Amino acid sequence: MMKLSCNYLSLSDLDIKTFIHTVFDLRLDAIDFHTSGFESQDPGYLREIRSLCLELGLGIGYIGVSPGFVGSPEDLRLRVSAAKSAIDLAEVVGSPMIRVFGGHVPDQIEDWNPLYQDLYTCLRELAQYGVDKGVVVALQNHDQNNLAATAENIIQILDEVDHPNLSHIMDTGQWKGSIGAATRGEFDPTVDIYQQMEKTIRRAIYVRTKFYRIENGREEWLDYPRIFNILHKANFNGNLSIVYEGDEEDRIGAVRKAAAHLRPLL
């Protein structure tokens with residue numbers, strides 16, 4: 001049965017413990033963290049977070065880590081180290097998974113093939129590191145000039161890395177050409193983002209449900225009835241993370257509206 005979670009970046013003005021209580025008050029099922037929200041990696045503090053989630057009956061979905069894996073050899077080592085630190089954090093706090101990006105490619109770079117080779121190497125190392133920790137590494141599709149911006153990119157990367165501990169988090173709003181990934185509010189009419197979702201959903205173990213315009217109680221930029229048709233056809237049974245990126249001042253209210261929009265579709 002699909003369940004609803006909330007991503008920390010939706011309500012990042014809250015400290016983590018307040019965020020956890022807020023998600024509980026919203027009657028959601030699970031919670032997704034980001035490394036930026038933790039005060040420290042002190043094991044005692046992380047165990048408190050884990051215990052609070054357990055006490056309130058909230059599952060922990062994943063921990064997000066940014067950025068991706070594009071840069072100099074020195075940059076790549078720092079980014080791999082940061083991702084390994086997130087895996088260590090996930091192990092203690094009780095998260096089964098971390099989220100990573102492919103990496104943003106500067107406009108002046110024309111040959112992307114060497115960048116993909118670096119990405120494959122980094123992801124293999126991280127996936128293997130996560131095995132002994134019991135933490136899955138999941139690649140998310142993201143933004144315009146990203147190594148993982150299209151369904152074809154995602155499938156290519158997963159197949160080339162070919163590691164059982166590497167999976168995919170599908171973001172409904174972050175495909176190349178989509179209204180949330182292009183200049184915000186604009187989109188490429190030649191790109192069918194729903195077709196992109198159909199191509200990758202069977203590789204996904206988590207879905208980030210983006211919300212941009214939910215003022216009237218129904219997301220205006222993304223067709224969630226259509227998206228849920230894709231999920232149901234694929235027999236998707238994972239968590240759906242509410243990620244609010246709109247302009248409403250009452251962000252908690254926006255998340256509440258998003259949850260109310262999704263619940264009947266479950």
Side-chain angles (χ1 to χ4, degrees), residues 3-26 28-69 75-103 119 121-140 142 161 163-171 204-208 237-243 255:
K3 297 181 179 180
L4 296 182
S5 64
C6 183
N7 187 273
Y8 173 74
L9 295 180
S10 298
L11 305 172
S12 59
D13 57 327
L14 305 177
D15 67 81
I16 277 194
K17 291 184 180 179
T18 303
F19 170 63
I20 293 170
H21 281 286
T22 300
V23 173
F24 172 77
D25 291 340
L26 288 167
L28 299 178
D29 305 298
I31 199 161
D32 305 321
F33 294 119
H34 192 276
T35 53
S36 63
F38 292 94
E39 296 175 6
S40 75
Q41 286 200 230
D42 175 72
Y45 164 72
L46 297 179
R47 283 193 289 268
E48 286 181 11
I49 300 298
R50 179 175 184 162
S51 295
L52 180 57
C53 290
L54 182 62
E55 176 185 336
L56 297 178
L58 292 171
I60 299 175
Y62 69 86
I63 296 174
V65 57
S66 304
F69 303 95
D75 289 335
L76 292 178
R77 293 319 306 163
L78 289 173
R79 294 176 183 190
V80 168
S81 178
K84 286 183 176 179
S85 180
I87 291 173
D88 294 340
L89 188 158
E91 180 186 25
V92 179
V93 86
S95 173
M97 179 168 55
I98 69 163
R99 184 285 314 273
V100 297
F101 293 132
L119 175 61
T121 299
C122 292
L123 291 179
R124 284 192 194 100
E125 181 177 346
L126 290 173
Q128 187 57 42
Y129 184 80
V131 169
D132 291 338
K133 304 285 184 175
V135 177
V136 172
V137 176
L139 175 68
Q140 180 195 319
H142 194 68
V161 175
H163 196 291
N165 202 44
L166 177 68
S167 192
H168 170 43
I169 292 177
M170 189 183 82
D171 189 299
I205 55 176
Y206 220 90
V207 172
R208 285 164 52 97
N237 196 39
N239 280 11
L240 306 171
S241 178
I242 295 171
V243 187
V255 171

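Source: prediction; values computed, not measured.
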Between [atom1] on residue [X] and [atom2] on residue [Y], distance to nearest 0.5 Å:
X: Leu46; Y: Phe33; atom1: CG; atom2: CZ; answer: 9.5 Å
X: Ile60; Y: Cys53; atom1: CD1; atom2: SG; answer: 4.0 Å
X: Leu123; Y: His163; atom1: CG; atom2: NE2; answer: 10.5 Å

With sequence neighbours excluded, tell me which residues meet side chain to side chain contact (heavy atoms under 4.5 Å, CB included) with [X].
X: Tyr45; result: Ile16, Phe38, Glu39, Ser40, Asp42, Ile49
X: Ile205; result: Met97, Val136, Ser167
X: Leu56; result: Ile20, His21, Phe24, Leu52, Leu58
X: Ala90; result: Ile63, Ser95, Ile98, Val135

Go through the structure and list residues passing side-chain hydrogen bond (donor to acceptor under 3.5 Å, both in side chains) with [X], not counting sequence neighbours.
X: Ser5; result: Asp32, Tyr206
X: Asp75; result: Ser72
X: His34; result: Ser36, Ser66
X: Thr121; result: none

Beyond-backbone contact of Val100 with Phe69, side-chain heavy atoms, under 4.5 angstrom: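 Of all side-chain heavy-atom pairs linking Phe69 with Val100, at least one is under 4.5 Å.
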Per the side-chain hydrogen bond (donor to acceptor under 3.5 Å, both in side chains) rule, what does the pair list look like for residues 6-20, sequence neighbours excluded?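 Sorted result for residues 6-20: Asn7-Tyr62, Asp15-Thr18, Lys17-Glu48.
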Please, which pairs that meet side-chain hydrogen bond (donor to acceptor under 3.5 Å, both in side chains) have at least one residue in residues 49-61, sequence neighbours excluded?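 side-chain hydrogen bond (donor to acceptor under 3.5 Å, both in side chains) check on residues 49-61 returns no pairs.
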Which residue pairs pass the salt bridge (charged side-chain N to carboxylate O under 4.0 Å, His left out) test with at least one member in residues 84-102, sequence neighbours excluded?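 Those involving residues 84-102 are Lys84-Glu125, Asp88-Lys133, Glu91-Lys133.
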